[in-house]
Amino acid sequence: MSGSPLNIKLNCKSWQQLSAIHSRDLCRGAFFLKTSKPPPLGTMVRISLTLPSGSTVELAGQIHKLIGEGELEGRGPGIDISIRKMPHSVMWLVESALSSAGFPPGAKSEPAASATPPAASAASTAPAAAGATATTPSATATAAPTPVTAAAPLTASPPPLPPPPAPAMNDDSPALEDNEALVSAEADLVKALWTELGGMSKMNAFQLLDLPTSAGDDEVRFAFQALSKKYHPDRFTQYESFEIRELANEVFILLRDAYRNIADHAGRQKLLATLPQAQLSRTPPPIPTRAVATPPPLPSPPKAMPAQPLGDAVIQFAAPNTAAGTQPLDLSTQAPAIGKDDDRVEFALRFLESGQYEQALRILRVEARKDPNNTRALAGVELAAGRLALADGDRMEAAERFEAALEIDPLNERAAREIAELSRHATSQRRSLLSKLMKKV
Amino acid sequence: MARIIGIDLGTTNSCVAVQDEGGTPRVLAAPDGRRTTPSVVAYTGGKNSESVLVGEKALRQAITNPKRTVLGTKRLIGRKVNAKDVAWFARSAPFKIVAAPNGDSWVKIDDTTKSPQEIASHVLRHLRWIAEQALGEPVTRAVVTVPAYFDDAQRQATRDAGTIAGLDICRILNEPTAAALAYGAHRVKAGRRIIAVFDLGGGTFDVSIMAVENSVFEVLATNGDSALGGDDWDRVLIDFLVDAVFDEHRIDLSSDAVAMGRLKEAAEAAKRALSSESSTTISLPFLHQGIGPDPIHLEKKITRQQLDDLSSSLLQRLREPCTRAMKDADLSPSDIEEVLLVGGMSRLPAVQEMVESIFQRPASKCANPDEVVALGAAAHASILAGDEDEATLLDVTAHTIGIKVGSSGFAPIIKRNSMLPVREHKLFATNIDDQEFVEVEIYQGEADTISGNRRLGQVHLHDLPKGKAGTVRIRLTVTVDVESILRVTATELSTGNSAQVRIAPSGGLSQEDLSDIVEQRRLREMAQPADPE
């Protein structure tokens, strides 16, 4: 411990700067600061780096190398600070902020390669330090002038470099335009947790712990332990946001209840006994869509709240073990039975099941135009369009299409399944986002 | 990121530790090299120039300043003065314990009264100062440990002490859990292990049973006696000595504060000596001037057997919390693979024998039973700071939370030893026709009636729909988070009307009281920028 640490505040105003800092410094676990009067080697440094989104990350390190004029790919003179154990949360914050700003943090392994924006060399730190303040505990401030001056040159001597908002590389990047759309990484985490919570609240205990219904005591416990490491509220106390901590509480309550319910054999049997629909959903109930080519005489749910019963359906279909989600299992068993009843809609739906969405869409559009009351055709159009959107990777569009299909035909099992699949996917995506944050896979 | 320190605020001694990023926790020693600090606060100086001594300095002058030297604050913090053990403590304490307007136990120093929170805050400030000296940087955040068996009021009062000391208390952590974490039970990778932590400190006794697997600490059950500790052993010794003097000289020393202070010190030393020797001699010359011409000298030999006989009822009190904890965890002694001894009092051979008889196996001794809790607090601090991502603590509620039903009944809603955070629902019905509102009173404790439990707060639900008794149903939802913050929601099921209340436990001081104290202290410091100690 060599005296009080030097505190440096850096305000990173643009995403290019942050991108440069990320690819050239953070990725190698270090931080370069331009200065002509370096503090002594070994000085402890604390850096508060304010991201363009306004959130601040804290780094602590030690000056491990003095960089001479022109050294370190021409970035010197300055100091190189090795960051003591890069906190994963910091990297995650920076990376997710960058990627939401349209800077893929992927190309990080080749620092200062040709891809590096020219502006970044010292601009990344120098303008960053434009608003920098170096604060040291008063005792050392007078005794050792270096700390104060360490940052001073950064501010005082304007670097002979292009101003920050000039980098060539990103001029053509449209992402910069929608700056307002950028949210801080914490807000991202809040969103992720909300999504997570939304998905989880519809799951049963097995789904929550991501376990097959055949899981034994040990498996249940291990699953819960692994999830605890990610989701226990203690993992979120480091965030300022009250909302994050509240959400973490809610998520964990779901997990702990799931664990409590299925921790032993008796509990699992009890839960399984209450999940007959889930079992049924594996071999879909005979009610849905194509069984009803004729006007729907079915005990259809009250118009006012179609979401209610379907919400339940979503739960069942989302069962991770019913992985047959995209399998055309119904058709293979049921198609022969209704095979002859071949209106064109049925035909098109078969195309849909077999993955020939464009053909299906074409036929269904025609049929729908022919008879605007043909709900099966109308829902089919939405379904096919949704599948196509999904193939294009547009999940938002897909989700809207599937929901529209459900609205037209509240009993459309295929649509319900697609939505369940989507939300399951979204959840697992958020999970991986979170696990990236928590480092653990 | 500013580091978070871990503090073990003990009844007799306190300790502060820190964990460096990626490192292992370490104790922060005071500039004089001491690794623990006596939890003693002394008020010296005149009325208008009051100054405060803490730790070793306070302890050293205790004998000559007994009425203004406060020890064992932890026994008073968040407690009502009429509690049985507080009354017992008050009887032998050399300083005066009085009732605050709300019935809490406060301490009277000369003409002023001090809350235990204020007194404890001096110790916390001193520890903070030690940490700042050792780290060379400002410290503002801490994890502070309390006995697992502390109730919400005691926890909150401890938190308030931190606030007064200018510390942001990130978490109130249970001592046995902290000990297990520091002991490194999770570094043993082999499968699931069930361990019991037996923590007998200066003034409190805790037992926790936990399962450790894959670096996850799952507390299965916890129990204890928040008013049983080493002090009680001292007290039986003191009583024994006082009786001996009375028998021989017909002099009652208990009204002589100075003599009592010396007796206390000697009793403590004797108790410690008897941990390793089979007998010791208490020698206190000129203990009292006597009624006759000659002063009284006390010279008494005490054997370990004598101490054990004197303290046999104390030893017996250790048994029940252990068996209750095992019962709650649905385990028998044979399921427990390791018993970890924590706390200075666990050094006493009679205590160890008791532990072995309860758990039917030899116990493991910590290398440093006085430091292990602070080390665990520091380890947990690094979890909270996001530096440590392996170890995870799943702690439980120590006490049952429920509501008042009927005139004095207690209906549990969240059972003790529920993993935190937790949420439970319970349905209730009105008990008179056309009842207009309900008032749900929330209590904490294990008694069947509310009179034996502690009231936490209440929630009102108005405008109930008309209906016969028992037909209007109200769902009560109680949530407790990892900070022990309670949220209670009452919802009438047919209308969906609901009322919610968030109950931050009260430690006896209101928010205004707290800010007053903090403000006064700030003013005083501005007036006399004394040494940070």
Side-chain angles (χ1 to χ4, degrees), chain A residues 1-5 7 44 46-48 56-61 83-90 92-93 137 139-140 217-218 221-239 245-246 248-257 259-260 263-264 437-440, chain B residues 1-4 18 20-23 28 132-138 141 143 168 170-171 173 186 191-192 211-218 330 380-396 415 418-425 477 479-483 485 487 502:
Chain A
M1 205 120 314
S2 59
S4 310
N7 290 313
M44 305 297 281
R46 282 166 185 272
I47 303 170
S48 328
T56 302
V57 297
E58 306 276 346
L59 300 165
I83 305 296
R84 223 180 31 206
K85 189 192 173 206
M86 179 75 68
H88 304 293
S89 54
V90 167
W92 183 81
L93 270 168
T140 47
D217 286 6
D218 286 353
R221 221 174 49 243
F222 291 161
F224 176 65
Q225 284 163 354
L227 289 166
S228 296
K229 285 187 190 179
K230 278 192 229 167
Y231 290 106
H232 191 272
D234 281 1
R235 294 271 174 259
F236 297 87
T237 44
Q238 54 186 302
Y239 299 102
R245 285 181 276 165
E246 282 291 287
N249 248 331
E250 294 301 318
V251 168
F252 191 76
I253 285 175
L254 289 175
L255 292 173
R256 77 175 281 285
D257 286 346
Y259 170 55
R260 193 178 50 170
D264 57 22
L437 165 69
M438 306 309 175
K439 191 188 78 178
K440 293 272 120 47
Chain B
M1 201 174 295
R3 275 183 276 194
I4 309 176
V18 76
D20 298 314
E21 271 174 49
L28 296 172
E132 288 179 338
Q133 294 299 305
L135 294 172
E137 63 183 43
R141 298 192 293 167
V143 169
D168 173 15
C170 303
R171 179 64 53 83
L173 179 66
H186 61 301
R192 179 175 168 92
V212 187
E213 185 176 31
N214 296 326
S215 304
V216 175
F217 288 71
E218 183 185 350
D330 205 9
H380 194 244
S382 85
I383 295 177
L384 297 182
D387 295 336
E388 156 78 57
D389 44 17
E390 262 304 301
T392 303
L393 296 188
L394 307 174
D395 221 327
V396 299
K415 296 215 174 67
S418 295
M419 184 192 293
L420 290 173
V422 56
R423 170 171 304 142
E424 296 287 355
H425 308 274
T477 305
T479 309
V480 187
D481 70 10
V482 283
E483 310 275 3
I485 308 284
R487 242 174 329 163
R502 184 171 180 274

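These values consider heavy atoms only, across backbone and side chains, with no hydrogens, waters or symmetry-generated copies. Residue numbers begin at 1 in each chain, while the letters A, B, ... track the order of the sequences.
The line from CD of A/Q225 to CG of B/N214 is 4.5 Å long, rounded to the nearest 0.5 Å. Note that OG1 of B/T392 and NZ of A/K230 are 12.0 Å apart. Values are rounded to the nearest 0.5 Å. For the atom pair A/T237 OG1 and B/I4 CD1, the distance stands at 7.0 Å (nearest 0.5 Å). Separation of atoms CZ (B/R423) and CG (A/L254) is listed at 8.0 Å; rounding is to 0.5 Å. Rounding to the nearest 0.5 Å gives a distance of 10.5 Å between CE of B/M419 and CG of A/L255.
Between the side chain of A/R256 and the main chain of B/L420, no donor-acceptor pair closer than 3.5 Å is present.
The candidate with the highest count of non-hydrogen atom pairs below 4.5 Å against chain A, out of B/V422, B/V482, B/L393, B/I383, is B/V422.
For A/F224, the ring-ring contact (aromatic ring centres under 6.0 Å, His included) partners are A/F252, A/Y259, not counting sequence neighbours. By the side-chain hydrogen bond (donor to acceptor under 3.5 Å, both in side chains) test, A/D234 pairs with B/R171, B/H380, sequence neighbours left out.
Within the 4.5 angstrom heavy-atom criterion, only side-chain atoms of B/E218, from C-beta onward, approach chain A.
Ion pairing of A/E246 with B/R502 is absent here, as no side-chain N (NZ or NE/NH1/NH2) approaches a carboxylate O to less than 4.0 Å.
Annotation for B/S215 and A/K229: closest pair CB-NZ, 4.0 Å, computed over non-hydrogen atoms.
Within the 4.5 Å cutoff, no side-chain heavy atoms of B/D481 are placed close to those of A/P233.
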